[in-house]
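Read through the structure below, which is laid out as structure tokens, and then see the notes.
Lettering follows sequence order; numbering is per chain, from 1.
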2 protein chains.
Amino acid sequence: MPRGRESWKQQPWWYGRFRGCGYRLTVPREVILGVLSKTSGHLSAEDIYLAVHKVYPAIGLTTIYRTLELLVQMGLVFKFNFGDKRARYELAEGSKGIRHHHHLVCTHCGKVMDYTDFIDEEVELLNQIEKGLSKKFNFKITNHLIQFYGLCEKCQEK
Amino acid sequence: MPRGRESWKQQPWWYGRFRGCGYRLTVPREVILGVLSKTSGHLSAEDIYLAVHKVYPAIGLTTIYRTLELLVQMGLVFKFNFGDKRARYELAEGSKGIRHHHHLVCTHCGKVMDYTDFIDEEVELLNQIEKGLSKKFNFKITNHLIQFYGLCEKCQEK
DNA sequence: GATATTAATGAAAATGGTTTCTATTAACAA
DNA sequence: TTGTTAATAGAAACCATTTTCATTAATATC
């Protein structure tokens with residue numbers, strides 16, 4: 001492993017989350033989280049594999065999938081499905097710089113855009129809806145998914 | 001085909017949509033739409049296949065997939081993904097009795113519930129948001145997906 | 001109503017993203 | 001430093017969905 005043990009000293013933000021769950025801090029996990037935080041979102045498992053592979057060719061695709069599953073389950077990463085058959089992953093909010101957002105998906109070319117400019121009304125209504133649903137269905141809401149589908153600028157021209 | 005040609009006389013509601021697109025009216029298509037409209041939503045391709053198979057064993061799974069794809073593309077059917085890997089299909093609003101709705105998905109047992117009690121505020125805000133997004137991103141919105149994830153009543157108890 | 005055209009179908013095979021299996025490696029507690 | 005055991009890599013399996021191709025049947029035309 002081409003990293004000194006000392007570099008753990010400046011522990012990354014997810015260090016505690018891992019230790020708290022009894023999970024080990026491994027190089028693949030660190031590298032995968034690194035790729036996710038450096039690259040702008042919507043990455044497929046293969047995208048991540050290729051990026052990781054450039055630096056650590058020994059890390060296999062299986063580990064990418066396993067690690068992503070773990071990260072999703074830990075709540076550090078969100079998994080999305082935009083209509084093509086591969087799943088997409090992106091870092092959850094919490095690490096600096098990433099905010100909660102929804103997606104605009106072009107049904108023609110597959111382009112995905114982030115939508116972060118929530119208006120206050122919107123956030124409040126969403127909370128209200130979630131509260132209402134929780135009560136009515138006795139359903140404990142932990143998350144929501146909002147996506148808008150349509151045609152992006154370029155695809156409209158055709 | 002065990003149906004007289006006369007029965008087309010009381011043309012089903014989708015008749016015009018098919019003819020308008022130049023698509024043929026076939027028994028498999030009729031049967032599949034029949035299953036979708038008789039059964040309550042969230043059916044997988046296999047669910048539909050099994051239901052169809054009981055009455056018309058000659059209709060194959062391939063045709064189910066092909067027909068569903070066509071129906072989705074025509075806008076008669078919506079395709080969903082609830083986290084397990086199989087796609088789910090349900091009739092779009094338009095045929096009597098089916099209203100636009102969103103979904104509550106239990107991340108533990110996979111149960112899916114429909115949420116139809118939109119408040120006026122909600123519908124209006126959604127329109128407003130879509131209008132804003134269309135303008136800001138020059139994106140022509142044709143559809144949206146809203147799902148809430150969490151734990152259903154039973155799964156909370158455990 | 002009979003017939004030609006060609007879209008639609010069924011069965012089997014292929015595809016491809018994801019998961020499982022198993023022997024090996026490495027994180028970390030002692 | 002060493003033992004325990006979680007984590008990993010690579011190959012094989014999995015399985016929902018798609019493709020291929022020969023056959024069938026819906027519709028337009030005669």
Leu125(B) CG to Ile119(A) CD1 distance, which is reported to the nearest 0.5 Å: 5.5 Å
Residues Phe148(B), Glu130(A); criterion side-chain contact (heavy atoms from CB on, under 4.5 Å); working and verdict: CA-CA 8 Å; Phe148(B) 296 93; Glu130(A) 293 198 359; 3.6 Å; yes
Rounded to the Å, how far apart are Asn81(A) CG and dT17(D) P? 11 Å
Angle between the two end axes of the helix from dG1(C)-dC30(D) to dA30(C)-dT1(D), five base pairs per end, rounded to 10 degrees? 40°
For Phe80(B) and His42(B), I'd like to know if the aromatic rings sit close, meaning centre-to-centre distance below 6.0 Å. no
To the nearest Å, how far apart are Leu43(A) CG and dG17(C) P? 15 Å
Tell me the interatomic distance from Ile59(B), atom CD1, to dA11(C), atom P, rounded to whole angstroms. 11 Å
Can you pull out the residues from residues 61-73 of chain B that lie within a 4.0 Å heavy-atom distance of DNA chain C? Thr62(B), Thr63(B), Arg66(B)
From CD1 of Ile48(A) across to P of dG17(C) the rounded distance in Å is 14 Å
Separation of atom CG in Asp84(B) from atom P in dT19(C), rounded to whole Å: 12 Å
Can you tell me the distance, in whole Å, between the NZ atom of Lys79(A) and the C1' atom of dT18(C)? 8 Å
Side-chain N,O (Thr26(B)) to OP1/OP2 (dT9(C)) below 4.0 Å: yes
Whole-Å distance, Tyr56(A) OH to dA26(C) P, equals 13 Å
Do His144(B) and His102(A) have side-chain N/O donor and acceptor atoms under 3.5 Å apart? no
Testing Phe82(B), Tyr149(B), Tyr115(B) for ring-ring contact (aromatic ring centres under 6.0 Å, His included) with His103(B), which one passes? Phe82(B)
Is there a donor N/O on one and an acceptor N/O on the other, under 3.5 Å, for the side chain of Arg24(B) and the base of dA7(C)? yes
Side chain of Leu25(A) only, heavy atoms from C-beta on: which candidate in dC28(C), dT27(D), dA8(C) is closest? dC28(C)
Over all heavy atoms of both residues, which pair between Phe78(A) and Ala92(A) is shortest? Give the atoms and the distance, please. CE1-CB, 3.7 Å
Give the nucleotide from the list dT9(C), dC28(C), dT17(D) with an atom nearest to the side chain of Arg29(B). dT9(C)
Spacing between Arg86(A) atom CZ and dT17(D) atom P, to the nearest angstrom: 16 Å
For Ala87(B) and Tyr23(B), find the nucleotide of DNA chain D closest to each by heavy atoms; which residue's nucleotide sits nearer the 5' end? Ala87(B)
By nearest-nucleotide position on DNA chain D, the 5'-leaning member of Arg19(B) and Ala45(B) is Ala45(B)
Closest heavy-atom contact between His108(A) and Cys155(A)? ND1-SG, 3.2 Å
Going by the rule ring-ring contact (aromatic ring centres under 6.0 Å, His included), which residues pair with Tyr49(B) if we only count those two or more places apart in sequence or in a different chain? His53(B)
Return the minimal non-hydrogen interatomic distance between Leu76(B) and Phe18(B), and the atom names on each side. CD1-CE1, 4.1 Å
